[in-house]
Amino acid sequence: MISVAIDGPAGAGKSTISRTAAKELGFIYVDTGALYRAVGLKFLNDGYNTDLLCDIDAVLADTKVDIRFIDGEQRVFLGELDVSDKIRTPEVSMMASAVSAKPEVRAYLLEMQRRLARDNNVLMDGRDIGTVVLPDATVKIFLTASAEDRANRRYKELIEKGQEVTFEEVYEDMVKRDYKDSHRAIAPLKPADDAVIADTTGNEFEQSLALILKIVREKAGI
Ligand code: DC
């Protein structure tokens, strides 16, 4: 099986580029951030805030997160509920970042991610795919862009979805989340030693997509 690990900070265009690249390659696309978001939503539903003053394992014992592919698209389920759309709010973003710093949560999601890569040609995006989840991935890419570029992209996405946010709020959230994601003790966001760094600052989508496909094809020899 061929596995492509794409890691990088929020808003670098990882998921859009990865989804399209996977389709082009005929691989399944796994958005691992969605798994952390679904876990974050569960903690929010249970009434906790980002302080997470609770027994994490007890909440996880009562959590069932699942990925299903419907018409080739990844959908994320919390229990029997498709929460794929519900997990795209700023509130869930902050909660996902908080729960993702908990070793219990990372352990809880690890095996599911590895299994998907064992059974399929996969393009998986996240923060620690090349460093922790799939250390033997065929291709590792660290996809990044300037904070302004990334905040701008996320801001436009949220506005398109009809959410009421300002650019400043999105930018501040982004910088805060970057800091937390890359400074946490466990599985911090950083490029794997053998990752190719792809900087998409100022790129049009098509340019970034072409760059990623070129790296994958060269490295995987396909
Ligand atoms: O990519 P995203 O914005 O959907 O990710 C949501 C949060 O989950 C983000 O703050 C970092 C965390 N995450 C992680 O720690 N490890 C991953 N493999 C994917 C996401």
Side-chain angles (χ1 to χ4, degrees), residues 3-19 22 29-44 50 52 56 60 63 65 67 74-76 78 83-117 122-135 137 140-145 147 149-158 161 163 165 170-192 195 200:
S3 51
V4 179
I6 302 193
D7 292 303
K14 271 198 319 284
S15 52
T16 330
I17 294 167
S18 300
R19 182 178 300 112
Y29 165 56
V30 178
D31 165 12
T32 63
L35 300 174
Y36 289 91
R37 287 171 179 271
V39 173
L41 179 61
K42 163 70 175 163
F43 279 79
L44 280 173
T50 51
L52 292 172
I56 303 285
L60 289 176
T63 302
V65 171
I67 283 188
Q74 168 185 306
R75 306 295 295 179
V76 183
L78 190 55
V83 294
S84 311
D85 301 319
K86 232 182 158 176
I87 54 175
R88 303 290 162 194
T89 66
E91 196 189 14
V92 176
S93 294
M94 288 317 276
M95 199 60 171
S97 182
V99 298
S100 72
K102 297 288 176 189
E104 299 92 328
V105 173
R106 306 205 72 85
Y108 171 81
L109 294 174
L110 186 61
E111 192 42 40
M112 182 193 310
Q113 298 172 76
R114 288 193 172 151
R115 180 169 36 77
L116 287 162
V122 74
L123 192 153
M124 192 175 281
D125 85 13
R127 303 294 191 286
D128 63 336
I129 310 304
T131 49
V132 177
V133 179
L134 305 175
K140 297 182 186 178
I141 297 172
F142 193 82
L143 189 70
T144 186
D149 235 54
R150 293 185 290 113
N152 206 16
R153 205 171 286 157
R154 194 42 69 91
Y155 171 68
K156 283 186 190 152
E157 273 172 22
L158 292 170
K161 284 181 193 153
Q163 298 195 15
V165 286
V170 177
Y171 180 79
E172 271 171 35
D173 268 11
M174 180 87 54
V175 171
K176 232 189 266 174
R177 212 142 65 87
D178 278 356
Y179 185 87
K180 280 205 289 185
D181 291 345
S182 50
H183 287 79
R184 65 185 178 214
I186 174 168
L189 171 66
K190 62 163 192 224
T200 65

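Just so you know, these numbers use all the heavy atoms, side chains as well, and skip hydrogens, waters and symmetry mates. Start at 1 and go down the list; that is how both ligands and their atoms are numbered.
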What do you reckon, is CD of Glu104 surrounded by more than 12 foreign heavy atoms closer than 6.0 Å?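 Count over threshold, so yes.
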Should we say atom NZ of Lys156 is surrounded by more than 12 heavy atoms from elsewhere, each under 6.0 Å from it?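 Result for NZ/Lys156: open.
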Could you list which atoms of ligand 1 come closer than 4.0 Å to a heavy atom of [X]?
X	answer
Arg37	2 (P), 3 (O), 4 (O), 6 (C)
Ser97	10 (O)
Ala96	6 (C), 7 (C)
Gly126	17 (C), 18 (N), 19 (C)
Arg106	14 (C), 15 (O), 16 (N), 17 (C)

Could [X] and [Y] be called an ion pair, given the rule that one side-chain N must be under 4.0 Å from one carboxylate O?
X	Y	result
Arg150	Asp178	yes
Asp125	Lys14	no
Glu111	Arg114	no
Asp128	Arg184	no

To the nearest 0.5 Å, what is the distance between NZ on Lys86 and OG on Ser84?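 Result: 12.0 Å between the selected atoms.
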To the nearest 0.5 Å, what is the distance between CG on Leu116 and OH on Tyr29?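 The CG atom of Leu116 sits 12.5 Å away from the OH atom of Tyr29.
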Non-hydrogen atoms of Lys180 versus ligand 1: any pair closer than 4.0 Å?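 No.
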Quick one: nearest non-hydrogen protein atom to atom 10 (O) of ligand 1, plus distance?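 Protein heavy atom with the smallest distance to atom 10 (O) of ligand 1: Arg177 NH1, 3.0 Å.
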Tell me, which protein residue and heavy-atom name are nearest atom 8 (O) of ligand 1, and how many Å apart are they?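 The protein heavy atom lying closest is Tyr36 CB, 3.5 Å.
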Would you mind finding which of Asp181, Val105, Asp125 brings a heavy atom closest to atom 11 (C) of ligand 1?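 Comparing heavy atoms across Asp181, Val105, Asp125, the nearest one to atom 11 (C) of ligand 1 lies in Asp181.
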Nearest heavy atom to atom 5 (O) of ligand 1 wins, so pick from Arg127, Arg184, Met174, Arg88.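 Nearest option to atom 5 (O) of ligand 1, by heavy atoms: Arg127.
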For Arg106 and Tyr36, what are the C-alpha separation, side-chain angles and deciding distance, and is it a side chain to side chain donor-acceptor pair (under 3.5 Å)? CA-CA 8 Å; Arg106 306 205 72 85; Tyr36 289 91; 3.2 Å; yes
Using distance alone, decide if ligand 1 has a nitrogen or oxygen within less than 3.5 Å of any nitrogen or oxygen in [X].
X	value
Asp31	no
Thr32	yes
Gln113	no

